A.B. asks: 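Submitted below is the structure of interest, expressed as C-alpha cells.
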Amino acid sequence: MELHNGAYVPYAEHRGRMENVLAALERVEAPRDCGIEPIRRVHGDAYLAFLQTAHERWVAAGRSGDAHGYAWPVVGRRPLKLNRIDADLGQFSFDASSPIAAGTWDSAYWGAQAALAATGAVLGGDQAAFALCRPPGHHCGADYLGGYCFLNNIAIAAEAAIAGGKRRVAILDVDYHHGNGTQDIFYDRSDVLFVSIHADPATDYPFFWGHADERGEGAGQGATLNLPLPRGTALPEYRAALDTGLQAVRDFGADMLCVSFGADTFSGDPITQFDLQTADYTPIARAIAELGLPTVITMEGGYAVDALGINVAAFLAGFG
Ligand SMILES: [Zn+2]
C-alpha cells in the first residue's frame with residue numbers, strides 16, 4: 001500500500017506492469033550481473049547500505065509490512081548517523097509513496113543491471129537497446145529514494161556510457177513526471193545534458209522540481225532544460241516540446257542518448273492527465289531515433305497496466 005492523496009491505496013507500481021510488457025516484447029534477454037561498482041558511480045555507500053538493510057531493520061524494530069518514513073529533515077539535511085530506522089528513512093527519502101519491501105533491494109539492483117546491460121549492448125555497437133527496469137529510477141537522487149524509485153537507472157546508464165568512452169551524454173526524460181532525481185544528480189555537470197518533458201510541477205508531482213527556470217548550476221549552467229506542459233496535452237503540443245528538446249540535444253553535441261521512457265503520458269493512465277494515444281508513441285520515438293545517436297532506453301512509469309505492453313511496443317517500434 002502507498003500513501004496517495006491522503007489515503008493508503010494499492011501500490012500503482014506493481015509486478016503486473018512488467019508481466020504485461022514482457023508479453024508484448026518479441027525478444028527478451030536477462031541481464032548479466034555487472035556488480036555494484038557501476039551503481040557506486042551514482043549512489044553513495046551510506047545510501048546503498050541503507051537500501052540493502054532497511055527492511056531487515058524495520059522488521060527487527062518490531063514493525064510489520066513495508067518500511068515507511070514519517071519525519072523528514074526539510075531544513076539542514078546533514079549526514080547524521082542516528083542508527084534509528086525511522087530517522088534513516090527520513091534521511092534517505094523525500095516522500096512517503098515509496099515503501100521498502102523485503103524484495104526492494106533485489107528488484108532495484110536487477111533493474112540497474114538491466115540498464116547496464118542495455119548500455120553495454122549499445123557500447124558494443126547496437127543502435128538502441130531497451131532496459132525493462134522495475135522499479136523505475138528517475139525520481140531518486142544520489143542519496144535519496146522517492147516516487148517509486150530507489151536506484152537511478154538512467155543515471156547509472158549515463159555514467160556507464162561515460163566510463164565506456166562517451167564524452168557528452170544527453171538524457172531525454174519523456175515520463176509524465178519530472179525526473180527530479182536525474183536532474184539533481186547531473187545538475188552541476190557540463191558533460192551530461194538533462195532534458196525533461198513533463199506535466200507542469202505547479203499541478204503535478206514532484207511539485208518542487210521541473211520548473212522551466214531550473215537550468216543547472218556551476219559548470220552545469222545551461223545543461224538542464226525543463227519543458228513543462230499543461231494537463232490535457234495531446235500530440236501536437238507534445239511534438240512541439242519534443243522538437244525543442246531534440247534541438248537542444250543536437251546543439252549539445254551529444255555522442256550518446258539515454259531516454260527515460262514513461263508510458264504514463266498515455267490518455268488512459270489512472271494517475272496522470274496527458275492525452276497521448278498508443279499510436280502516438282511510434283512517431284514520438286521515430287523523431288528521437290532520427291537524432292541518429294546510440295540510444296539506451298529505460299522503463300520509468302506507466303500505470304495503465306493493460307495498455308502498458310502495447311504502449312511500450314509502439315514506442316520501441318519507432319527505433320526499429
Ligand atoms: Zn511518471
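All values reported here derive from a predicted model rather than from experimental measurement. When a ligand or atom number is given, it counts from 1 through the structure's own listing order.
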A.B. asks: Are the charged groups of E19 and R134 less than 4.0 angstrom apart, N to O?
C.D. replies: no

A.B. asks: Which atom name does D264 have for its N/O/S atom nearest to the Zn ion (ligand 1)?
C.D. replies: OD2

A.B. asks: Which of the N/O/S atoms in H177 sits closest to the Zn ion (ligand 1)?
C.D. replies: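 Going through the N, O and S atoms of H177 one by one, ND1 ends up nearest to the Zn ion (ligand 1).
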
A.B. asks: Of all N/O/S atoms in D175, which lies nearest to the Zn ion (ligand 1)?
C.D. replies: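 For D175, the N, O or S atom at the smallest distance from the Zn ion (ligand 1) is OD1.
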
A.B. asks: As a test of understanding, state which of L242, T265, D173 forms a side-chain contact (heavy atoms from CB on, under 4.5 Å) with I197.
C.D. replies: L242

A.B. asks: Stepwise, does the side-chain contact (heavy atoms from CB on, under 4.5 Å) test hold for F186 with E159?
C.D. replies: CA-CA 10 Å; F186 297 112; E159 288 287 17; 3.9 Å; yes

A.B. asks: State whether the side chain of W58 and the backbone N or O of S64 hold a donor-acceptor pair below 3.5 Å, judged by distance alone.
C.D. replies: yes

